[in-house]
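In this text the structure is predicted, and so the values were computed from the model without any measurement.
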Amino acid sequence: MSNKVITTVNPATDEKLAEYVGLDAAGLEATLAAADAAQKAWKLSPLSERSTKLRALATILRDEVETHATLISNEMGKPINEARGEVLKCALTCDFYADHLEEFLAKKEVKTEAVTSYVAYEPIGVVLAVMPWNFPYWQVIRFAAPTLGAGNGGLLKHASNVTGSAVAIQSAIERAGFPKNLFTTLVLTEHSMVNEIIADKRVAAVTLTGSEGAGASV
């Protein structure tokens, strides 16, 4: 196991909050393999099951709003009222996709010279998300809810100063009933590992919110 760690600090008090051990090469390989296997099983799940789990996630976020809002405030300094609003917006987003999955993913007929033509929406695989610190829950959930709802898997590389938020989001997703390893937070202390993940054939796509430099790198 890597001996490198990420340390989170309260920006208002300089208080050390927690330490998270970074993934080593073997740990990363195991994570990628597990995510790939979990997604291949999940893509066969009915839309009704996915919607049920998204609603369960929304319920967890609402029930635990104070816990998650406090974590946001402690890690990145957002006022507690704004942090609560962010968590509740995430819950609303989960409900929105639960309500509209069948509509969004239904086959769409199109007119062509053929007898029957349609556009179909199929899962693409495991998606890597590189996310910023300023909305540590919202940026993740607005990616995770539609991604998991569409039958894909997720890997999250969050900003290091909100690693606790990233870990808490994974926990909430798993407690909502999503399969283990379908959504995984990556604790990375080596930037080169991001390049390795992007190049890995088991990763189908990358979504990023961040700087121009980060976007150009991806």
Quick check: are there more than 12 heavy atoms from other residues, nucleotides or ligands sitting under 6.0 Å from NZ of Lys107?
no
Show, in sequence, the C-alpha distance, side-chain angles and deciding distance for Arg50 and Ser45, and conclude whether the side-chain hydrogen bond (donor to acceptor under 3.5 Å, both in side chains) test is met.
CA-CA 7 Å; Arg50 301 178 200 171; Ser45 62; 3.0 Å; yes
Using the rule given for salt bridge (charged side-chain N to carboxylate O under 4.0 Å, His left out), can you reason through Asp24 versus Lys4, listing the C-alpha separation, both sets of side-chain angles and the distance that settles it, and then say yes or no?
CA-CA 9 Å; Asp24 60 8; Lys4 293 186 178 181; over 6 Å; no
Hydrophobic cluster membership, Val140 vs Val127, 4.5 Å side-chain cutoff
yes
Does the distance from a Lys or Arg side-chain N to an Asp or Glu carboxylate O, for Glu29 and Arg202, drop under 4.0 Å?
yes
If you look at every heavy atom in Ala204 and Ile124, which pair is closest and at what distance?
CB-O, 3.3 Å
side-chain contact (heavy atoms from CB on, under 4.5 Å) assessment of Asn81 paired with Arg84:
CA-CA 5 Å; Asn81 284 340; Arg84 288 190 193 101; 2.6 Å; yes
Side-chain heavy atoms nearer than 4.5 Å, only ILVMFWY residues, links allowed to pass through others: does that put Ile169 and Val65 together?
yes
The single option from Leu101, Asp99, Thr59, Asp95 passing side chain to side chain contact (heavy atoms under 4.5 Å, CB included) against Leu54:
Leu101
Check the hydrophobic clustering (I, L, V, M, F, W, Y; side-chain heavy atoms under 4.5 Å; chains of links allowed) and say if Leu208 and Val162 are grouped together.
no
Hey, could you give me the OG1/NE2 distance between Thr163 and His158, rounded to the nearest 0.5 Å?
8.5 Å
Between the NZ atom in Lys89 and the CG atom in Leu61, the distance rounded to the nearest 0.5 Å is 14.0 Å
Contact check, side chains of Thr189 and Val21, non-hydrogen atoms, under 4.5 Å:
no
Find out whether the Lys NZ or Arg CZ of Lys78 is both under 6.0 angstrom from the six-membered ring centre of Phe135 and within 45° of the ring's axis.
yes
Charged N to carboxylate O below 4.0 Å: is that the case for Lys53 and Glu174?
no
What do you reckon, is CH2 of Trp42 surrounded by more than 12 foreign heavy atoms closer than 6.0 Å?
yes
Around Glu49, counting heavy atoms of other residues, nucleotides and ligands shown, do more than 12 lie under 6.0 Å from its CD?
yes
Shared hydrophobic cluster for Trp133 and Val187 (ILVMFWY, side-chain gaps under 4.5 Å):
no
Distance in Å, Ile80 CD1 paired with Glu82 CD, rounded so as to fall on 0.5 Å steps:
10.5 Å
Mind checking whether Val5 and Tyr20 have side chains closer than 4.5 Å, heavy atoms only?
no
Verdict with reasoning, Arg55 to Ser51, per side-chain hydrogen bond (donor to acceptor under 3.5 Å, both in side chains)
CA-CA 6 Å; Arg55 290 192 180 93; Ser51 293; 4.6 Å; no
Report the distance from atom CH2 of Trp138 to atom SG of Cys90, rounding to the nearest 0.5 Å.
6.5 Å
Is a donor on one side and an acceptor on the other found under 3.5 Å between the side chain of Glu86 and the backbone of Tyr137?
yes
When you compare the side chain of Leu57 with that of Ile173, does any pair of heavy atoms fall below 4.5 Å?
yes
Any heavy-atom pair between the side chains of Leu71 and Asn74 that's under 4.5 Å?
no
Using 30° and 60° as the class limits, which term best fits the ring planes of Phe104 and His100: parallel, tilted or perpendicular?
parallel
Please examine the side chains of Leu28 and Leu32, heavy atoms only from C-beta on, and report whether any two atoms are closer than 4.5 Å.
yes
